[in-house]
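Read the structure below first, then the notes.
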2 protein chains.
Amino acid sequence: MVVTLKDVAQAANLSVASVSRILTNRGRYSETTAKRVREIAREMGYFKNQSAADLASKKSRAVGVVVPLIHTNFADEIIKGLYEATVASGYELLITYLDDNEAHQTQVFNTLLTRQVGAVFLLSLDIPAWMMAQLTTQSIPIISLTTILNEHISAVTSNEFIVMDTLVDHLVSKGHTNIALIGDTKLTTNISSVRRRNFIESMKQHQLTTENAFFYGNDHSYETGYQSVTEGYDINALPFTAAIATADLVGVGIVNAMNDANKSIPNSLSVVTIDGLQLTEMSRPQLTTIQQNFAEIGRIAMNLFIENSIDQQQQIIYVPTKLIERDSVLDIK
Amino acid sequence: MVVTLKDVAQAANLSVASVSRILTNRGRYSETTAKRVREIAREMGYFKNQSAADLASKKSRAVGVVVPLIHTNFADEIIKGLYEATVASGYELLITYLDDNEAHQTQVFNTLLTRQVGAVFLLSLDIPAWMMAQLTTQSIPIISLTTILNEHISAVTSNEFIVMDTLVDHLVSKGHTNIALIGDTKLTTNISSVRRRNFIESMKQHQLTTENAFFYGNDHSYETGYQSVTEGYDINALPFTAAIATADLVGVGIVNAMNDANKSIPNSLSVVTIDGLQLTEMSRPQLTTIQQNFAEIGRIAMNLFIENSIDQQQQIIYVPTKLIERDSVLDIK
DNA sequence: TTGAAAGCGATACCAA
DNA sequence: TTGGTATCGCTTTCAA
């Protein structure tokens with residue numbers, strides 16, 4: 001049988017109330033008895049039943065993390081960040097995965113709500129409107145990571161415009177004028193259309209027109225990168241001299257496709273990527289990239305919640321990014 | 001205020017007992033009232049309080065997953081597998097990360113126990129003895145994934161010997177006799193020493209001696225792979241013609257180190273890896289690998305638990321692996 | 001500093 | 001098919 005508070009209380013000749021207070025370090029008690037009780041509890045192998053505790057105190061120590069099931073190599077990093085901040089505070093991470101199956105979505109969503117999570121962290125995820133509505137009516141704070149969803153939801157993210165502008169600026173400074181955005185460039189989601197807009201805007205600010213801008217792809221996959229130069233354009237006569245990959249994986253796809261066609265990078269094409277995970281160092285040539293600090297994004301988001309600063313109004317926190325110059329950009333000036 | 005069962009019961013003019021039975025599809029009730037109740041519950045935005053439910057029913061719908069915080073690129077895949085099997089059954093995954101900090105370990109462990117998890121899944125992880133002891137005294141089933149811990153703990157894994165033997169056999173069939181095992185080859189953990197032993201055993205079965213076997217490295221990292229041929233051995237006079245990398249990342253490290261030194265793979269060195277994730281396709285040349293079916297391992301493990309077959313005695317389930325021949329092995333016969 | 005007792009929200013047994 | 005009610009293990013006033 002499982003050891004309960006009552007058992008411990010009996011063994012210690014105390015009331016459950018006192019034992020509870022001691023074991024949760026709440027309220028008043030003498031340090032002498034406290035010591036004794038803690039010892040007894042340990043010996044008996046007592047473990048609090050968190051469900052009972054949550055129920056009685058009408059609160060939960062769990063926060064939900066919703067991760068898209070499609071390939072996102074940075075989810076790991078973010079979760080680590082969240083986790084770090086969480087360990088210190090005693091909160092629990094309830095990590096759930098979301099795919100396209102609506103039945104699954106409902107269920108995921110249900111576990112979150114039935115566990116009375118204190119907050120929901122969305123990882124680069126645009127959840128269906130009905131979910132959003134539910135969350136809000138239950139007044140569960142939502143924090144979006146790596147992307148700004150709308151004007152109500154708080155977010156911790158890199159500054160998307162700066163990310164794009166830094167890259168464009170870097171390429172322009174090396175003499176490039178015809179630039180492609182490759183990866184997730186579709187107009188149907190919030191996230192990708194923002195990037196697309198930022199790209200155009202940044203081009204403009206560099207005195208370049210939409211004639212200088214090229215787009216390819218609907219997702220952040222390796223295949224999209226690969227196909228961009230093999231199927232999307234004539235690899236022997238690319239209309240652009242540089243490409244911005246919306247994710248590292250896309251960049252590697254481009255590099256491999258070029259290599260496989262005996263075209264050298266950066267001589268035949270310059271490539272830069274967004275994200276800057278380990279992959280960019282493992283590529284040959286190593287990729288110039290703008291690195292996002294994912295772990296930091298996770299840490300900050302969690303602390304934002306813990307410090308309860310995330311109450312009513314929206315907060316947007318930008319986490320700095322860093323341009324890392326490596327060997328995938330040719331100076332053609 | 002949060003909507004409770006009682007509220008729904010009142011609104012429906014029924015007892016909480018009936019409503020509970022209906023909403024959990026347990027016991028008898030008429031489909032007519034059931035329909036009405038479900039509708040009312042939905043309208044009121046009712047969500048069961050899982051903590052209360054767990055408490056009352058004296059069981060938990062949560063299972064714990066313990067993931068090592070060090071870089072393991074397959075954790076993702078396994079979690080997806082676990083998740084898939086879990087969604088259908090209504091269980092929840094409580095995913096926790098384990099690092100070397102003992103205080104953290106205790107805490108992780110605490111959340112697991114305080115949540116009364118029904119089982120604990122260990123991802124390629126050798127947990128401290130005291131944890132193991134606790135888990136067993138609380139009679140929480142433990143299932144180890146991708147590795148066999150001892151003769152008591154159930155496991156779902158690839159057959160490690162077959163993995164190693166397939167690789168050795170493949171290399172030998174291509175005329176290689178001097179072979180290196182690179183990556184995690186240390187003798188201090190169960191997992192790595194088993195691999196090492198298997199390697200030696202397999203060599204023997206192929207009429208090769210320990211003189212033909214080489215070892216390098218203490219972890220599964222890219223750096224270890226890279227250093228093996230740059231620092232571990234003289235890259236211009238490697239004593240082996242083929243290398244088995246204990247993880248994909250290690251293999252890529254070797255490939256890059258060779259490339260950077262203007263040595264071609266497989267001409268100067270043949271490389272095969274264990275795991276077979278996407279990375280092996282992205283490498284140039286593409287890597288010959290023995291592919292583990294991680295998602296399947298997760299799925300099977302979870303089902304093993306759900307079907308309750310994992311009661312008293314140990315079970316070892318082997319999930320088939322697949323040799324994928326690509327371009328990183330030279331035939332030197 | 002300690003104890004008694006009233007919940008928390010659901011489940012499940014036993015009656016009706 | 002439905003309802004009453006004890007119970008799960010803990011927290012939290014309020015008194016002692």
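Lettering follows sequence order; numbering is per chain, from 1. All values reported here derive from a predicted model rather than from experimental measurement.
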* Asked: Less than 4.5 Å apart, any side-chain heavy atom of A:Thr146 and any of A:Phe74?
  -> yes
* Asked: Within this structure, what is the CG-to-C1' distance between B:Asp7 and C:dA10, rounded to whole angstrom?
  -> 13 Å
* Asked: Counting only side-chain N and O atoms of B:Ser57, is one of them less than 4.0 Å from OP1 or OP2 of C:dT11?
  -> no
* Asked: Is the charged tip of B:Arg61 near the ring of B:Tyr91: under 6.0 Å from the six-membered ring centre and within 45° of its axis?
  -> yes
* **Atom-pair distance (CZ on A:Arg26; P on C:dT2), nearest Å** => 17 Å
* Could you state the CD-C1' distance from A:Gln10 to C:dG3, rounded to the nearest angstrom? -> 14 Å
* Atom-pair distance (CG on A:Asp54; C1' on D:dT12), nearest Å -> 15 Å
* Spacing between A:Glu31 atom CD and C:dT1 atom P, to the nearest angstrom -> 10 Å
* Structure fact -> On DNA chain C, more 5' by nearest nucleotide between A:Ile22 and B:Arg21 is A:Ile22
* What integer distance in Å separates A:Leu55:CG from C:dG7:P? -> 14 Å
* Proximal nucleotide (of D:dT12, C:dT2, C:dC8) relative to the A:Leu14 side chain -> C:dT2
* To do: Give a yes/no on whether any side-chain N or O of B:Ser30 is located under 4.0 angstrom from OP1 or OP2 of D:dT1.
  => no
* To do: Would you tell me if any nitrogen or oxygen in the side chain of A:Thr4 comes within less than 4.0 Å of OP1 or OP2 on D:dG9?
  => no
* Nearest to side-chain heavy atoms of A:Thr24, which nucleotide of C:dA10, C:dT2, D:dT11 -> D:dT11
* To do: Would you indicate, yes or no, if C:dA10 has its OP1 or OP2 atom less than 4.0 angstrom from a side-chain nitrogen or oxygen of B:Tyr46?
  => yes
* Asked: Strictly by modelled atom types, are B:Gln50 and B:Asp54 linked by a side-chain donor-acceptor pair under 3.5 Å?
  -> yes
* Distance-only side-chain donor-acceptor flag, B:Gln315 / B:Ser154, under 3.5 Å -> no
* Give one of base, sugar-phosphate or nothing for B:Ser51, where a contact means two heavy atoms less than 4.0 Å apart. => nothing
* Asked: Is A:Thr33 near enough to C:dT1 that one of its side-chain N or O atoms lies under 4.0 angstrom from OP1 or OP2?
  -> no
* B:Ser15 has a side chain; which of D:dG4, D:dC8, C:dT11 sits nearest to it? -> D:dG4
* Looking at A:Lys48, does any N or O in its side chain come under 4.0 Å of the phosphate oxygens OP1/OP2 on D:dT11? -> yes
* In terms of side-chain geometry, is the basic nitrogen of B:Glu296 or B:Arg299 positioned less than 4.0 Å from the acidic oxygen of its partner? -> yes
* Closest to side chain of B:Ala52, choosing from C:dG9, D:dT11, D:dG9 -> C:dG9
* Structure fact -> Separation of D:dT1 atom P from B:Arg36 atom CZ, nearest Å, is 15 Å
* Does OP1 or OP2 of C:dG3 have a side-chain N or O of A:Ser18 closer than 4.0 Å? -> yes
* To the side chain of B:Ala17, which of C:dG9, D:dT5, D:dT12 is closest? -> D:dT5
* To do: Would you kindly give the NZ-to-P distance between A:Lys6 and C:dA5, to the nearest whole Å?
  => 14 Å
* Structure fact -> Taking C:dG9, D:dT5, D:dT2 as options, the one with an atom nearest any side-chain atom of B:Tyr29 is D:dT2
* **Working for salt bridge (charged side-chain N to carboxylate O under 4.0 Å, His left out), residues A:Arg38 and A:Glu31** => CA-CA 10 Å; A:Arg38 281 195 269 263; A:Glu31 201 40 61; 2.7 Å; yes
